[in-house]
Protein chains: 2
Amino acid sequence: MPGTRGADQGDSTVARRSATIYDIARAADVSHQSVSRYMRGLDMRRSTKEKIEKALETLSYRPNLTARALITGRSHRIGALTHEVNQYGPGLIIQGATSAAREAGYLLDVIALDMGDTNDLNQALSQLLQYDLDGILAFASTDSVKAVFEQTDFGVPALVAAEEEDYQVETSFDRPGVGQLVSHLVGLGHERLLHIGGPETYSAARNRLRAFEAALAHFGLKPAGVAHGDWSARSAYQAVMALPIGSVPTAIVAANDQMALGAIHALGQRGLRVPEDVSVTGVDDTPEAAYFTPALTTIRLDFKEQGKNALVALLNEIGDGGEHPSFLPAPTLVLRDSTGPRSTGATNP
Amino acid sequence: MPGTRGADQGDSTVARRSATIYDIARAADVSHQSVSRYMRGLDMRRSTKEKIEKALETLSYRPNLTARALITGRSHRIGALTHEVNQYGPGLIIQGATSAAREAGYLLDVIALDMGDTNDLNQALSQLLQYDLDGILAFASTDSVKAVFEQTDFGVPALVAAEEEDYQVETSFDRPGVGQLVSHLVGLGHERLLHIGGPETYSAARNRLRAFEAALAHFGLKPAGVAHGDWSARSAYQAVMALPIGSVPTAIVAANDQMALGAIHALGQRGLRVPEDVSVTGVDDTPEAAYFTPALTTIRLDFKEQGKNALVALLNEIGDGGEHPSFLPAPTLVLRDSTGPRSTGATNP
DNA sequence: CCGTACATTGTTACCGATAACAGTACGAAA
DNA sequence: TTTCGTACTGTTATCGGTAACAATGTACGG
């Protein structure tokens with residue numbers, strides 16, 4: 001017979017384990033089912049409702065979502081695979097996603113991956129799957145992640161968060177994003193642009209590169225070069241330092257702000273001034289970008305919204321879709337001091 | 001009679017829901033309890049073991065942690081309250097914590113708080129508590145969080161992650177940390193040091209401030225001033241721009257690298273050179289700090305380890321303490337180009 | 001060859017909720 | 001007053017595991 005447990009719990013301070021619907025039911029002298037119905041807001045006689053409410057006041061009940069999850073098959077948890085949370089973008093995406101999840105009554109189970117390690121990825125996934133989640137979200141949009149997500153049937157909705165550029169590449173050159181940067185630079189007279197991209201395995205990196213090339217092509221130009229960094233300032237620094245003398249372009253389009261910073265630093269060490277000799281642009285508009293020396297021209301992305309969007313999209317697939325995925329706000333060009341007219345003829349160390 | 005469900009699931013591709021121990025038991029012709037024992041690695045006859053293993057190969061079983069959690073009261077999940085994940089430190093702490101959790105067979109439920117909003121905090125907590133967690137960890141070490149954690153009995157172990165400086169303040173001036181920066185600067189001849197701190201509600205900010213003052217006092221000096229920023233480059237920029245003419249110190253000790261960047265930028269706008277006129281230091285050693293102009297002198301903290309440590313400490317309280325909390329590696333001084341001998345007498349805009 | 005100790009396996013109860021269905025109370029119609 | 005439909009309420013089954021105990025099998029000593 002149910003409802004015969006947890007009778008005494010000492011008269012000390014706080015209930016060790018909070019009451020169950022059976023405790024409430026006993027205290028209110030109704031069936032546990034009525035309590036369950038009350039909690040779910042179903043119709044019931046006023047008198048019953050009042051009995052339950054009185055009991056609730058006394059006992060401090062808190063629903064046990066584990067038990068509910070077991071029977072309903074809905075855990076109200078979403079697994080999130082991410083990486084490099086220390087970076088500005090990914091961090092904000094997570095933040096946006098967790099708060100959106102929270103609003104919808106979900107919780108985000110975050111696993112930070114050691115990127116590039118496929119073993120790690122698989123292990124993480126199989127661990128995640130044990131916790132019957134309602135859905136799985138990957139914010140790490142790399143080839144290996146995408147491959148795994150396409151091949152595997154997780155038994156629950158799973159999706160890889162889309163990059164903001166994914167649906168822009170094909171469209172025209174002056175679309176928000178890297179294209180805007182390029183046309184800004186071309187408008188300043190630059191013709192020899194170098195791109196410092198992220199790792200080729202990242203779709204964001206590829207998208208930005210393609211947008212760069214597409215925009216240049218529109219102006220009848222070709223890239224003055226493409227270097228591949230790893231999103232870090234250090235990698236861009238090294239790439240710029242490695243540029244052969246005489247082949248330094250008049251403008252550098254880095255795939256994120258950190259790499260732009262590294263590029264600026266390297267240019268400085270090579271005796272080149274920004275923007276007088278070389279213009280430099282970033283992507284992201286981190287809060288620091290405005291305080292670089294010189295302040296960085298870049299494009300601003302709304303990462304929080306991106307995270308929220310991915311979550312809402314997943315929620316819709318789960319079937320708990322209250323909201324419709326909002327449109328991502330368009331990236332906006334932020335003009336600052338790191339770009340200027342093409343140098344008229346400085347020497348080129 | 002148990003074990004009579006999930007018989008047919010279509011002959012299509014993948015099992016909609018993975019098999020349960022009852023399915024395995026039926027296939028192996030043993031009791032479900034034997035399967036449970038097998039999964040937990042208990043002793044059993046070889047023949048039984050083999051039967052189960054054969055069944056497992058056929059059916060692709062995956063334990064349901066929800067069901068296990070319901071009976072054992074162990075969810076193997078830990079709630080994590082955090083904030084400003086977009087910043088370098090907090091992000092890395094989360095990363096360290098999630099991977100440590102993963103190794104121990106736990107999952108981290110992350111909630112990113114809108115700091116300073118106590119309502120938000122309480123709401124987040126009460127939501128967290130529904131998901132019977134094994135423990136709760138707060139990485140946001142602010143007054144309001146601490147207060148809530150001290151007052152509330154969550155029914156499970158809960159702790160606020162310690163700041164690296166917490167156990168250093170009382171000790172001597174040349175302890176790793178801000179003290180090291182101060183003695184470095186004093187060693188260069190500086191006597192008028194300004195501190196740009198974080199928000200006073202953050203214990204990390206207070207600790208750094210106290211360390212700053214204590215170190216100065218050791219040399220018989222007093223702060224040339226203390227400004228309070230909000231960890232952002234912008235806030236430090238404004239603080240430095242607001243300094244009355246003539247009161248600009250010869251060295252600025254910012255409480256993190258971002259604020260150091262903002263300070264450098266402001267100094268540049270006021271026509272002061274770093275480090276010739278003013279030395280500037282940060283705290284954190286973000287990957288970008290080396291590529292500031294000038295490269296930033298700062299102290300390096302191991303945030304990942306900090307996150308891991310907090311998690312291990314909590315695990316110990318939970319009683320699942322395999323490891324002992326390792327000692328945090330001492331912060332190390334990183335000397336770069338933003339500090340130099342006290343200026344011998346430039347004018348002071 | 002039998003009884004007992006011990007190792008292994010099977011049965012039933014339980015965790016705390018919801019689902020499905022049975023049972024009761026009440027008001028309206030006959 | 002009786003009957004019936006409707007609206008609640010109560011009872012039992014269920015989710016997928018583990019716990020506790022009962023039952024069986026095996027090994028060994030007498």
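Numbered from 1 within each chain, the chains take letters A, B, ... in sequence-line order.
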Just call it for Y61(B): base, sugar-phosphate, or nothing, with non-hydrogen atoms closer than 4.0 Å on any strand. sugar-phosphate
Can you tell me how far P of dT14(D) sits from CD of Q33(A), to the nearest Å? 15 Å
Once you round it to whole Å, what is the distance between C1' of dT18(D) and NE2 of H76(B)? 13 Å
What's the OH-C1' distance between Y131(A) and dG16(D), to the nearest Å? 16 Å
Take atom CG of L42(B) and atom P of dT18(D), then tell me their distance rounded to the nearest Å. 9 Å
When you compare the side chain of Y61(A) with that of M39(A), does any pair of heavy atoms fall below 4.5 Å? yes
Reckon R40(B) has a side-chain N or O less than 4.0 Å from the OP1 or OP2 of dA19(D)? yes
T66(B) vs dG17(D): side-chain N/O to OP1/OP2 distance below 4.0 Å: no
Looking at the side chain of I71(B), which of dG17(D), dA19(C), dG10(C) is the nearest nucleotide? dG17(D)
Specify the separation, in whole Å, of atom CZ of R46(B) and atom P of dG25(D). 22 Å
So if I take every side-chain heavy atom of N64(A) and compare against dA17(C), dG10(C), dG17(D), which nucleotide ends up nearest? dA17(C)
Between dA19(C) atom C1' and R68(A) atom CZ, what is the distance in whole Å? 14 Å
Considering only side-chain heavy atoms of Y22(B), which listed nucleotide, dC15(D), dT9(D), dG17(D), is closest? dG17(D)
Rounded to whole Å, the OH-C1' distance (Y38(A) to dT9(D)) equals 17 Å
Hey, does the side-chain of H32(A) have a donor or acceptor N/O within less than 3.5 Å of a partner on the base of dT11(D)? no
For a quick check of understanding: with a heavy-atom distance under 4.0 Å over all strands, which category does R37(A) fall into, base, sugar-phosphate or nothing? base
Considering residues, nucleotides and ligands other than K51(B), do more than 12 of their heavy atoms fall under 6.0 Å from its NZ? yes
Would you say the ring centroid of H32(B) lies under 6.0 angstrom from that of Y38(B)? no
I want to verify a distance call: between dG10(D), dA19(C), dT18(D), whose nearest atom is closest to the S31(A) side chain? dG10(D)
CG-CZ distance between L113(B) and F139(B), expressed to the nearest 0.5 angstrom: 12.0 Å
If you assign A67(B) and R45(B) each to the DNA chain C nucleotide with the nearest heavy atom, which residue ends up on the more 5' nucleotide? R45(B)
Just to be sure I understand the rule, does R62(B) reach a base, reach only the sugar-phosphate, or reach nothing, if contact means heavy atoms closer than 4.0 Å? sugar-phosphate
Taking only side-chain N and O atoms of S36(B), does any of them lie within less than 4.0 angstrom of OP1 or OP2 on dG17(D)? no
Take atom CD1 of I21(A) and atom C1' of dT12(D), then tell me their distance rounded to the nearest Å. 14 Å
Acceptor/donor pairs from residues 65-79 of chain A side chains to any protein atom, 3.5 angstrom cut, sequence neighbours excluded:
| unit_1 | atom_1 | unit_2 | atom_2 | d |
| --- | --- | --- | --- | --- |
| T66(A) | OG1 | D132(B) | OD1 | 2.6 |
| T66(A) | OG1 | D132(B) | OD2 | 3.1 |
| T72(A) | OG1 | R68(A) | O | 2.8 |
| T72(A) | OG1 | R74(A) | N | 3.1 |
| R74(A) | NH2 | I318(A) | O | 3.2 |
| S75(A) | OG | R77(A) | N | 3.3 |
| S75(A) | OG | D132(A) | O | 2.7 |
| S75(A) | OG | D134(A) | OD1 | 3.3 |
| H76(A) | ND1 | G105(A) | O | 3.3 |
| R77(A) | NH1 | D109(B) | OD2 | 2.5 |

